[in-house]
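Predicted model only: the values in this text are computed from it and were never measured.
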Amino acid sequence: MCQLLAMSSHKPAAVDFSFAGFSERGGRTGEHKDGWGIALHTPTGCRLYTDYLPSIHSPLAAQFKRSPIKARSVVAHIRKATQGRVSLENSHPFTRELWGQTWSFAHNGDLKLFDPNPSLYAPWGDTDSERAFCHLLSGLALRFDTQPERHQLYAALETLAGEIADYGTFNFILSNGDLVFAHCSTDLHVVVREYPFSVAHLIDCDLSIDFRRHNHLDDRIAVIATQPLTSNEHWTRFNAGELKLFAGGVEVGATRALEQQAQLAVCY
């Protein structure tokens, strides 16, 4: 199946180190040769790069590694096609507008027989993944006219994700730039990089980085991947059926969102 990579950061940060290892899985250390893509949520908007070529052979991927772009949230994907043609329109991530924001989405899995009736959003390609994305956003738009409180958004996505997961494997990343949602059916892992930083070694290529030389005391970055990207960091595996929510490099989830809302109510 496909591979997922995401980042949630306290401040704009480059994802080039993680992407260097991740992209190797697109044809060299992995069999995911059917395209790749990355969505970068920057202060000026969402920048999307996709290609139907394997990431190890893609000039666009090589260019991205040479000139990394800093972002607060990142959604990336390398594809092994299960449904749909190998084509640019079927390369993840997919993006759509909702509540005046650009949302990006990438999926790993196979949703057999998932073919919902067309609603507010329609797919441009012919993948089960894009159909699922359109169904998620349609479900949110029908529930809420404007962006709801964080705990309400989490609860709605948890319900919608559970319904779609009944059709098969539904590992996905969804982000609007401020929030990063990660849902696990089978495989997802996360590592949080924060002070005190250390040296990290990639699994898929001979590359290391000393984060102590590149980060400040208040930097905090959560990196999510289908499989761990480094050999010497502590990656936490998601539970099957689990939906996690990250903001500013921290896992917040529904419970913490409710606690924060209650604290604000007390303050006022």
Side-chain angles (χ1 to χ4, degrees), residues 3-23 36-51 55 58 60-78 92-106 147 150 153 172-182 188-200 202 207-226 228-230 233 235-236 244-253 256-257 260:
Q3 294 272 307
L4 299 171
L5 168 66
M7 181 187 77
S8 171
S9 179
H10 175 56
K11 295 185 292 187
V15 73
D16 53 326
F17 174 73
S18 295
F19 185 78
F22 180 71
S23 62
W36 72 278
I38 188 166
L40 302 122
H41 293 269
T42 72
T44 59
C46 180
R47 303 175 67 169
L48 178 66
Y49 301 84
T50 58
D51 197 346
S55 55
S58 167
L60 186 61
Q63 178 184 347
F64 177 79
K65 284 186 277 190
R66 289 194 302 268
S67 304
I69 300 167
K70 290 188 175 183
R72 287 190 61 194
S73 298
V74 172
V75 178
H77 183 272
I78 48 177
H92 310 214
F94 307 107
T95 60
R96 295 290 193 281
E97 297 295 317
L98 173 63
W99 305 318
Q101 303 168 341
T102 299
W103 291 75
S104 60
F105 171 90
Q147 183 170 334
R150 187 181 291 174
L153 182 57
F172 74 79
I173 307 292
L174 175 71
S175 179
N176 68 345
D178 295 322
L179 307 175
V180 175
F181 292 90
L188 268 184
H189 298 74
V190 60
V191 64
V192 177
R193 294 168 179 154
E194 59 186 344
Y195 180 83
F197 294 95
S198 60
V199 178
L202 289 175
L207 185 63
S208 301
I209 189 171
D210 187 348
F211 286 115
R212 292 169 297 190
R213 300 179 60 185
H214 298 275
N215 290 278
H216 299 95
L217 295 179
D218 61 341
D219 286 340
R220 185 173 56 250
I221 302 168
V223 178
I224 305 146
T226 301
L229 294 166
T230 55
E233 292 183 292
W235 291 78
T236 301
K244 288 182 180 287
L245 168 58
F246 299 86
V250 176
E251 181 187 346
V252 290
R256 183 162 177 179
Q260 290 174 342

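- With 3.5 Å as the limit, one finds a donor-acceptor pair spanning the side chains of S104 and H41.
- Taking 4.5 Å as the limit, every side-chain heavy atom of I209 sits out of range of all side-chain heavy atoms of V199.
- R72 has its side chain out of reach of M7: every pair of non-hydrogen atoms, C-beta onward, lies at least 4.5 Å apart.
- Ring orientation note: the planes of Y49 and F64 are tilted relative to one another, at an angle of 30° to 60°.
- Formation of a donor-acceptor pair under 3.5 Å by the N215 side chain with backbone atoms of F211 is found in this model.
- With contacts defined as side-chain heavy-atom distances shorter than 4.5 Å, the pair D219/E194 does not qualify.
- Inter-residue side-chain proximity for F181 and L153 is flagged as met; some heavy-atom pair is nearer than 4.5 Å.
- Nearest heavy-atom pair across S23 and S55 is O-OG, 2.7 Å.
- Of all the heavy atoms in G21 and L202, the pair that sits closest is N-CD1, 3.6 Å.
- At a threshold of 4.5 Å between non-hydrogen side-chain atoms, the residues R96 and T102 do not count as touching.
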Check against side chain to side chain contact (heavy atoms under 4.5 Å, CB included), H77 and L5: CA-CA 6 Å; H77 183 272; L5 168 66; over 6 Å; no
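- Contact of the W36 side chain with the L60 side chain is registered, since non-hydrogen atoms from C-beta on lie closer than 4.5 Å.
- The main-chain N or O of V15 is never found under 3.5 Å from a side-chain atom of S18 such that the two would form a donor-acceptor pair.
- Using a distance-only test at 3.5 Å, with no hydrogens or angles considered, no donor-acceptor pair links the side chain of S9 to the main chain of P12.
- The side chain to side chain contact (heavy atoms under 4.5 Å, CB included) test with F246 is passed by exactly one of V223, I173, I221, I224: I224.
- Atom OG of S73 is separated from atom CG of L179 by 8.0 Å, given to the nearest 0.5 angstrom.
- Put simply, the side chain of F22 reaches to within 4.5 Å of the side chain of L229, judged on heavy atoms.
- Donor-acceptor pairing under 3.5 Å is lacking for the side chains of T95 and W103.
- Classified by interplanar angle (parallel below 30°, tilted 30° to 60°, perpendicular above 60°), the ring pair H92/F94 is tilted.
- A heavy-atom distance below 4.5 Å is not found between the side chains of E233 and P228.
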From CA spacing to verdict: side chain to side chain contact (heavy atoms under 4.5 Å, CB included), T42, K70: CA-CA 7 Å; T42 72; K70 290 188 175 183; over 6 Å; no
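- The closest donor-acceptor contact from the side chain of T226 to the backbone of Q3 lies at 3.5 Å or more, if one exists at all.
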Side chain to side chain contact (heavy atoms under 4.5 Å, CB included) between N176 and Q147, worked out: CA-CA 11 Å; N176 68 345; Q147 183 170 334; 3.7 Å; yes
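- The two residues R193 and F17 come nearest to each other via the heavy atoms NH2-CE2, 4.3 Å.
- Scanning both residues, P93 and L48, for their nearest heavy atoms gives O-CD1, 3.7 Å.
- Distance alone, capped at 3.5 Å, is enough to place a donor-acceptor pair between the S8 side chain and the G249 backbone.
- The CG atom of D16 sits 10.5 Å away from the NZ atom of K65 when rounded to the nearest 0.5 Å.
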